[in-house]
Asker: 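A single structure is presented below for examination.
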Amino acid sequence: MTATLLRTAADLPARARTGRRAVVMTMGALHEGHATLIRTARKIAGPEGEVVVTVFVNPLQFGAGEDLDRYPRTLDADVELAGRSGADAVFAPSVDEVYPGGEPQVRISAGPMGERLEGAARPGHFDGMLTVVAKLLHLTRPDVALYGHKDAQQLALIRRMVRDLNFGVEIVGVPTVREEDGLALSSRNRYLSPAERRTALALSQALFAGRDRHAAQEALRARAREVPATRARAEALSAIGESRAAADAHAVATTAGGPAAVRAAARLVLDEAARLDPPLRLDYLALVDPSDFTEIGDDFTGEAVLAVAARVGATRLIDNIPLTFGPFGDAS
């Protein structure tokens with residue numbers, strides 16, 4: 001399938017629409033993670049619908065000293081990959097096309113959620129991101145827009161903007177795509193030297209360590225629910241040697257788990273990576289409520305996000321995984 005390259009906003013409404021339009025917004029340098037988004041969009045749009053991929057490196061979301069000029073631009077390859085993955089069109093406007101007359105005076109504010117984690121590390125980033133997303137939603141007028149889970153805070157803010165400001169579009173999140181060794185796919189991975197890439201694996205390894213600690217905790221909780229409630233049953237189990245295991249499971253499940261244990265398991269991996277050559281320099285490790293990206297407490301129940309950001313050499317990387325916490329005695 002060949003994707004049509006569109007350069008101006010006027011090109012979009014001129015296209016005939018017979019079905020749903022699905023939009024995938026990118027900054028280019030497309031990789032398999034983007035291809036997964038496009039293939040998902042194709043399924044949602046169906047054979048009668050249309051898939052549009054936007055390619056635009058947005059200057060508003062790059063702060064001082066960040067890699068705006070260094071950010072890879074590979075439009076010809078992007079158009080080819082987009083078409084191969086199922087896109088009908090690639091909308092790649094210039095900066096002047098998106099911001100006629102210069103930077104916009106009126107912008108979207110990300111609010112308090114936009115000042116946490118990535119927002120604290122990159123002041124103004126989310127205001128710039130939401131401003132361009134709002135503009136591109138207006139320009140492309142999709143029925144559905146798809147974004148990756150890897151940028152979890154970005155996805156949460158887009159969903160909040162669409163809900164709070166009554167955008168008539170469905171927002172779909174698509175799971176993170178990873179390399180075989182676990183590293184989350186990112187356009188910035190190409191900046192990593194072989195040694196830096198080995199260190200960068202600590203991001204996903206830390207998340208997996210937290211996830212595995214949580215899974216082990218849940219298994220112990222399930223085992224603890226099997227602890228007998230009566231003395232007679234306890235004595236019967238003791239006769240076959242299970243009482244000690246049940247007691248251990250109960251003790252661990254009630255005292256040693258939860259969010260604190262997840263954070264500790266992830267932190268251990270990151271601390272070790274800080275001693276590597278080259279070292280990993282941690283920006284943050286956070287276990288947050290995805291509704292507002294505030295840290296969760298030890299009594300939290302429900303969906304959560306374990307997120308990490310760090311620098312390896314000159315490259316800054318982010319990653320996250322979802323977790324679910326349930327009350328003691330209730331599987332999550």
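Hydrogens, waters and symmetry mates play no part in the numbers below; they use all other heavy atoms, side chains included.
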Asker: Could you list the residues that satisfy side chain to side chain contact (heavy atoms under 4.5 Å, CB included) with Ala195, not counting sequence neighbours?
Answerer: Ser193, Arg198, Pro278
Asker: When rounded to the nearest 0.5 angstrom, what is the spacing between OG1 in Thr315 and CD in Glu196?
Answerer: 6.0 Å
Asker: With a 4.5 Å heavy-atom cut-off, do Leu203 and Leu280 have their side chains touching?
Answerer: yes
Asker: Identify, with sequence neighbours excluded, every residue that meets salt bridge (Lys or Arg N to Asp or Glu O under 4.0 Å) alongside Arg17.
Answerer: Asp143
Asker: Can you list the steps and then say if Ser94 with Asp96 is a side chain to side chain donor-acceptor pair (under 3.5 Å)?
Answerer: CA-CA 5 Å; Ser94 66; Asp96 288 340; 5.2 Å; no
Asker: Would you sort out whether Val55 and Phe91 count as a side chain to side chain contact (heavy atoms under 4.5 Å, CB included), showing the intermediate values?
Answerer: CA-CA 6 Å; Val55 173; Phe91 177 46; over 6 Å; no
Asker: Would you mind listing the cluster partners of Val106? Hydrophobic ones only (ILVMFWY), side-chain contacts under 4.5 Å, chaining allowed.
Answerer: none
Asker: Using 4.0 Å as the upper bound for N to carboxylate O, is an ion pair formed by Arg122 and Glu115?
Answerer: no
Asker: So, are Asp78 and Arg73 salt-bridged, with charged N and O less than 4.0 Å apart?
Answerer: no
Asker: Strictly by side chain to side chain donor-acceptor pair (under 3.5 Å), give each pair with a member in residues 153-163 just once, sequence neighbours left out.
Answerer: Arg160-Asp164
Asker: So which heavy atom on Pro72 is nearest to which on Ala29, and how close?
Answerer: CG-CB, 3.6 Å
Asker: Considering only distance and modelled atom types, tabulate donor-acceptor pairs under 3.5 Å from the side chains of residues 265-277, sequence neighbours left out.
Answerer:
residue: Arg275; atom: NH1; partner: Asp271; partner atom: O; Å: 3.4

Asker: With sequence neighbours left out, write down each residue that passes ring-ring contact (aromatic ring centres under 6.0 Å, His included) with His149, or none if nothing qualifies.
Answerer: none
Asker: Kindly write out the residues that satisfy side chain to side chain contact (heavy atoms under 4.5 Å, CB included) with Thr36, not counting sequence neighbours, or none if the list is empty.
Answerer: Glu32, Arg39, Thr40, Val174, Val177
Asker: Quick one: do Asp283 and Arg311 satisfy side chain to side chain contact (heavy atoms under 4.5 Å, CB included)? Show the steps, please.
Answerer: CA-CA 7 Å; Asp283 276 1; Arg311 293 182 184 274; 4.3 Å; yes
Asker: For Asp88, which residues count as a side chain to side chain contact (heavy atoms under 4.5 Å, CB included) partner, sequence neighbours excluded?
Answerer: Met1, Arg15, Arg42, Glu50, Val51
Asker: The test is side chain to side chain contact (heavy atoms under 4.5 Å, CB included); show your working for Val23 and Leu146 and say whether it passes.
Answerer: CA-CA 6 Å; Val23 165; Leu146 297 89; over 6 Å; no
Asker: Which residue pairs satisfy the ring pair (Phe, Tyr, Trp, His ring centres under 6.0 Å) criterion with at least one member in residues 165-192, sequence neighbours excluded?
Answerer: His138-Phe167
Asker: Using the rule given for side chain to side chain contact (heavy atoms under 4.5 Å, CB included), can you reason through Val144 versus Ile171, listing the C-alpha separation, both sets of side-chain angles and the distance that settles it, and then say yes or no?
Answerer: CA-CA 6 Å; Val144 56; Ile171 302 299; over 6 Å; no
Asker: Please report the C-alpha distance between Asp181 and Arg197 in whole Å, then the side-chain angles of each, then the deciding distance to 0.1 Å, and finally whether the salt bridge (charged side-chain N to carboxylate O under 4.0 Å, His left out) criterion is met.
Answerer: CA-CA 11 Å; Asp181 57 12; Arg197 196 182 187 287; 2.5 Å; yes
Asker: Name all pairs fulfilling the side chain to side chain donor-acceptor pair (under 3.5 Å) condition that reach into residues 97-114, sequence neighbours left out, sorted by first residue then second.
Answerer: Asn58-Tyr99, Glu103-Arg107
Asker: Which word best sums up how the rings of Phe325 and Phe300 line up, parallel for under 30°, tilted for 30 to 60°, or perpendicular for over 60°?
Answerer: perpendicular
Asker: State which residues pass side chain to side chain donor-acceptor pair (under 3.5 Å) with Arg211; sequence neighbours excluded, sorted by chain then number.
Answerer: none
Asker: With a 4.5 Å heavy-atom cut-off, do Val133 and Met161 have their side chains touching?
Answerer: yes
Asker: So, for Ala200 and Leu183, which heavy atoms are closest and what is the spacing to 0.1 Å?
Answerer: O-CD1, 3.8 Å
Asker: So, for Ile108 and Ala134, which heavy atoms are closest and what is the spacing to 0.1 Å?
Answerer: CG1-CB, 4.1 Å
Asker: Which residue pairs satisfy the ring pair (Phe, Tyr, Trp, His ring centres under 6.0 Å) criterion with at least one member in residues 13-36, sequence neighbours excluded?
Answerer: His31-His34
